[in-house]
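Numbering of residues begins at 1 and proceeds along the displayed sequence. Excluded from the calculations below are hydrogen atoms, water molecules and symmetry mates; all remaining heavy atoms, backbone and side chain alike, are included.
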Amino acid sequence: MLSKESMLVLSETQVRSLIDIDELIRALGQAHIQYSTGKAVMPVRLVVPLPDIQGRITSMPGYLPEEKSLGMKVVTYFQNNPNHDLPAILAAVMLFGADTGKLIAVMDGGYITAIRTACASALATQALANPGPTTLCILGAGVQARAHIQALGHVRDLRRIKIFSPSGVSAAAIKRDMERVLTAPIETAPSAEAAVRESDLLVTVTTAKQPIVRSEWLKAGAHINAVGSHRPDAREIDGATLARATVIVDSRDAIMAECGDILLALEERSVSESVIQGEIGEVLAGTKPGRTSASEITLYKSVGIAIQDVATANLVYHKALERNVGTNVDI
């Protein structure tokens, strides 16, 4: 049993064992509605560069009143970590008692970041993409590509999956690993264009600095989850695609602070600020329209926000208590 004096600590393996994707998609939907209707509390993330030690640290606090869930994710980026057999990006999520502010849980944030991002894309796909059998295109073949294949399969009937990575090596690894557990065939595409053309659903999860998607490649009625760009100097989507699409975002404030896809398109004047037509929470709440025709292009642009981490950690925490998972630490 967890006492008032103790804190629950959960490892990545334990966190993985406690997450149900369908349940998480629903929880993220409720979190986004709270955020976009002004109930949740969440500032734009604080990023602190640390050039002397070749890293940076980011804090992402948030509060969801309906669940009385108060938390913060802390993310570090140290580019030389692979030399020490560590990922460059590490994260932890902390939960606090909403009545007292006492620290009640600390859990690994790596898997939470991956799966909440993919489940938020699944939520947007559920709300914005055309229904029916789907050809999925993924540009990028890292952790997020794998998580997105997993999550999107819960909201659409994936009949064909096309993956492109520049070297082809990581795409081939995903094909080898994931075809064992999927019914849909996975193809490694020879180019980004070949992957995008004739795809109904597109996911971009790359570190590209310049656009990797062109408007003329897109099939009428396609939906895009643009995930990779979350810095002002990086972009995956060209201005013509933004101008053509119905653009829905996770957070206007976060997008306008740090999203190169939008900021660089504004700078080159291919779009105006009105290109953002709503937040996904507004679409889910029914205060803004999403898709209005089968032929329009819809685009969900996310940078990842704290209420997603808090909602996920809250689910994990309560499951851990129910199942007696984790380690209690007196503090």
Measuring from atom [atom1] of [X] to atom [atom2] of [Y], what distance do you get when rounded to the nearest 0.5 angstrom?
| X | Y | atom1 | atom2 | result |
| --- | --- | --- | --- | --- |
| Ile224 | Ile237 | CD1 | CD1 | 5.0 Å |
| His32 | Leu284 | NE2 | CG | 8.0 Å |
| Leu10 | Tyr111 | CG | OH | 14.0 Å |

For this session: Taking the side chain as every heavy atom from C-beta outward, state whether Leu46 and Thr58 have any atom pair closer than 4.5 Å.
Result: no
Exercise. Would you say the side chain of Arg116 lies within less than 4.5 Å of the side chain of Lys73, judging by non-hydrogen atoms?
Worked result: yes
Any Lys/Arg nitrogen of [X] or [Y] sitting under 4.0 Å from an Asp/Glu carboxylate oxygen of the other?
| X | Y | value |
| --- | --- | --- |
| Glu267 | Arg235 | no |
| Glu258 | Arg45 | yes |
| Lys319 | Asp20 | no |
| Glu187 | Arg160 | yes |

Exercise. Are Ile280 and Leu242 grouped together when hydrophobic residues (ILVMFWY) are joined by side-chain heavy atoms under 4.5 angstrom apart?
Worked result: no
Exercise. Do Val275 and Tyr300 belong together in a cluster built from hydrophobic side chains that touch within less than 4.5 Å?
Worked result: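 The answer is no; the residues belong to distinct hydrophobic clusters.
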Exercise. So with a 6.0 Å cut-off around CD of Glu268, is the heavy-atom count from everything else above 12?
Worked result: yes
Exercise. Does NZ in Lys209 sit with more than 12 non-hydrogen atoms of other residues, nucleotides or ligands closer than 6.0 Å?
Worked result: yes
Exercise. Applying the side-chain contact (heavy atoms from CB on, under 4.5 Å) test to Ile307, which of Val41, Asp250, Leu64 qualifies?
Worked result: Leu64
Exercise. Are Thr206 and Thr204 linked by a side-chain donor-acceptor pair shorter than 3.5 Å?
Worked result: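 Side-chain D/A pair, Thr206 to Thr204: absent.
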